[in-house]
Peer 1: 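Can you keep this structure in mind? I'll have questions shortly.
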Amino acid sequence: MASPLVIVGMSGGVDSSVAAWLLLQQGYQVQGLFMSNWDEDEDGYCTAAADYQDARKVCGQLGIVLHQVSFAGEYRQRVFEYFLEEYRAGRTPNPDVLCNREIKFGVCFDYARRLGADWIATGHYARVEHAAQPRLLKGLDPGKDQSYFLHAVPATALARTLFPIGALHKHQVRRMAMELALPVFEKKDSTGICFIGERPFAEFLAQYLPAQPGDIESPDGRKLGRHAGLMHYTLGQRQGLRIGGRADAGEAPWYVADKDLARNVLRVVQGHDHPALFRRQAPLSQFAWIAGAPPAASFRCTVKLRYRQADQPCELRLAADGSGMVYFDAPQRAVTPGQYAVFYDRDQCLGGGVIEASHSSG
RNA sequence: UGGGGCGUCGCCAAGUGGUAAGGCAGCGGGUUUUGAUCCCGCCAUUCGGAGGUUCGAAUCCUUCCGCCCCAG
């Protein structure tokens with residue numbers, strides 16, 4: 001009887017290439033699937049074509065077929081529209097969390113299943129423990145763990161997902177790629193928004209949203225400068241403020257502390273660790289739990305407020321209406337609305353919620 | 001035009017005879033599957049202009065220009 005079929009999401013990078021090879025070693029039937037979910041013709045940053053060629057070369061070398069599919073329409077509707085909507089609301093969205101939930105482990109997962117896949121696999125640095133209820137675990141390379149981005153993936157998808165490189169460190173993966181002489185073995189790690197890639201961010205946003213310049217103020221109301229539109233700034237941000245050398249202030253750089261949408265004012269404070277940049281708690285909503293439900297209505301755990309942040313001890317209290325409040329043991333810097341708070345019990349990712357506000361009321 | 005003060009990189013600012021600190025901003029790179037943060041590098045042959053003194057001046061002198069303050 002035939003071995004199970006795994007369809008691997010191939011990005012043309014090192015990680016998914018090695019993931020495919022590992023699955024072959026493990027005796028699976030393997031096929032590749034390349035997604036190009038962004039129409040790049042509209043701008044000058046065109047890397048998808050090159051990535052596709054890389055994926056083809058790798059699949060050729062591994063002797064596996066490569067499917068190609070575009071979910072550009074779905075991406076636009078289910079990820080990018082939300083992305084723009086959040087920016088319009090003065091928040092800072094995290095499109096890649098949604099991309100995983102809606103595209104890679106959503107429509108693409110369904111697509112792979114229709115192609116006959118028993119499993120879907122990706123080159124993420126994370127692990128799934130398959131039991132009655134799947135458990136999502138951190139990748140073993142602490143510098144690359146990507147469970148943060150996967151916390152909202154539905155359990156139904158995780159139940160049929162493999163992360164072949166989740167127990168490896170990046171340097172091991174790259175070494176394997178080198179020893180296998182995969183054509184992409186020294187390809188640089190990709191960054192930037194998934195499927196959209198690296199590009200000047202402000203310029204990119206400005207293509208989709210009108211900028212409304214306004215004043216930059218200190219907490220006491222002094223006008224310190226002008227901003228290019230609130231969407232171009234996020235909490236805790238330093239770059240781009242163009243404030244420097246004031247005789248009435250010290251030498252420390254300035255950081256975004258708050259956005260006043262009503263007045264279209266950006267509020268800034270001086271010093272990386274200014275108290276106004278810290279919060280002891282944060283209101284959350286739109287929870288997603290890997291197990292389908294939270295462990296309890298109130299419990300202690302750790303939380304990451306952004307990718308690659310060290311785990312922060314906290315207590316989460318959930319309300320009946322679906323909202324919640326996370327209380328940090330140590331005040332957290334730049335708690336940013338629109339970003340995700342992702343909860344962990346040691347190595348296990350429990351799920352997460354969206355940060356709703358930066359004020360500490362409640 | 002009576003008195004006083006000041007003009008050094010986009011901004012703040014050291015330097016007062018020995019051959020231009022530093023910070024902020026900006027730019028470039030690194031880290032990074034969000035946005036940020038963070039790290040590294042670059043950033044005044046020149047000190048408001050013109051003369052002069054001196055081996056040598058941003059630093060002294062003269063003068064011009066421009067600001068500011070107090071008096072009017």
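Every chain is numbered from 1, with letters handed out A, B, ... down the list of sequences.
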Peer 1: What contact category does A/Y340 fall into here, base, sugar-phosphate, or nothing, at under 4.0 angstrom with non-hydrogen atoms?
Peer 2: nothing
Peer 1: Taking OP1 and OP2 of B/U32, is either one under 4.0 Å from a side-chain nitrogen or oxygen of A/K188?
Peer 2: no
Peer 1: Using a cut-off of 4.0 Å on non-hydrogen atoms, how would the nucleic acid contact of A/A247 be classed: base, sugar-phosphate, or nothing?
Peer 2: sugar-phosphate
Peer 1: So A/Y111 and A/F71, do their side chains get closer than 4.5 Å, heavy atoms only?
Peer 2: yes
Peer 1: Is it true that the side chains of A/S285 and A/E356 contain a donor and an acceptor less than 3.5 Å apart?
Peer 2: yes
Peer 1: Would you indicate what A/Y233 reaches in the nucleic acid, counting non-hydrogen atoms under 4.0 angstrom: base, sugar-phosphate, or nothing?
Peer 2: nothing
Peer 1: Considering only heavy atoms and no angle criterion, is a donor-acceptor pair shorter than 3.5 Å present between the side chain of A/R306 and the base of B/G35?
Peer 2: yes
Peer 1: Have a look at A/G271 and say if it touches a base, only the backbone sugar-phosphate, or nothing, with a 4.0 Å heavy-atom cut-off.
Peer 2: nothing
Peer 1: Within this structure, what is the NZ-CG distance for the pair A/K57 and A/L182, rounded to the nearest 0.5 Å?
Peer 2: 12.0 Å
Peer 1: Is the shortest distance from a Lys or Arg side-chain nitrogen in A/D329 or A/R280 to a carboxylate oxygen in the other one below 4.0 Å?
Peer 2: no
Peer 1: Taking only the C1' atom of each, what is the distance from B/G18 to B/U46 in whole angstrom?
Peer 2: 16 Å
Peer 1: Is the closest side-chain donor-acceptor distance between A/Q332 and A/Q309 under 3.5 Å?
Peer 2: yes
Peer 1: Is a donor-acceptor pair below 3.5 Å formed from side chain A/Q239 to base B/G26, judging by atom type as modelled?
Peer 2: no
Peer 1: Nearest of B/U37, B/U32, B/G35 to any side-chain atom of A/Y87?
Peer 2: B/G35
Peer 1: Using 4.0 Å as the upper bound for N to carboxylate O, is an ion pair formed by A/R263 and A/E217?
Peer 2: yes
Peer 1: Please state the P separation for the pair B/G56 and B/U63 - nearest whole angstrom.
Peer 2: 23 Å
Peer 1: Using a cut-off of 4.0 Å on non-hydrogen atoms, how would the nucleic acid contact of A/T336 be classed: base, sugar-phosphate, or nothing?
Peer 2: base
Peer 1: Reading 5' to 3' and counting Watson-Crick or G-U wobble pairs with both distances under 3.5 Å, write the dot-bracket notation for RNA chain B, | for bases paired outside the strand.
Peer 2: .(((((((.[[[..)..(...]]].(((((.......))))).....[[[[[..)....]]]]]))))))..
Peer 1: Is the phosphate of B/C24 approached by A/R238 (side-chain N or O, under 4.0 Å from OP1 or OP2)?
Peer 2: yes
Peer 1: Within the 4.0 Å heavy-atom criterion, would you say A/K104 contacts the bases, only the backbone, or no part of the nucleic acid?
Peer 2: base
Peer 1: Any base atoms under 4.0 Å from A/L241, or only sugar-phosphate, or nothing? Heavy atoms, all strands.
Peer 2: sugar-phosphate
Peer 1: Kindly say whether A/Q239 contributes a backbone atom to a donor-acceptor pair with the side chain of A/Q237 at under 3.5 angstrom?
Peer 2: yes
Peer 1: Does any N or O donor sit under 3.5 Å from an N or O acceptor when you compare the side chain of A/Q339 with the base of B/U34?
Peer 2: yes
Peer 1: Give me the distance, rounded to whole Å, that separates B/C70 from B/C60 when you measure between the C1' atoms they each carry.
Peer 2: 28 Å
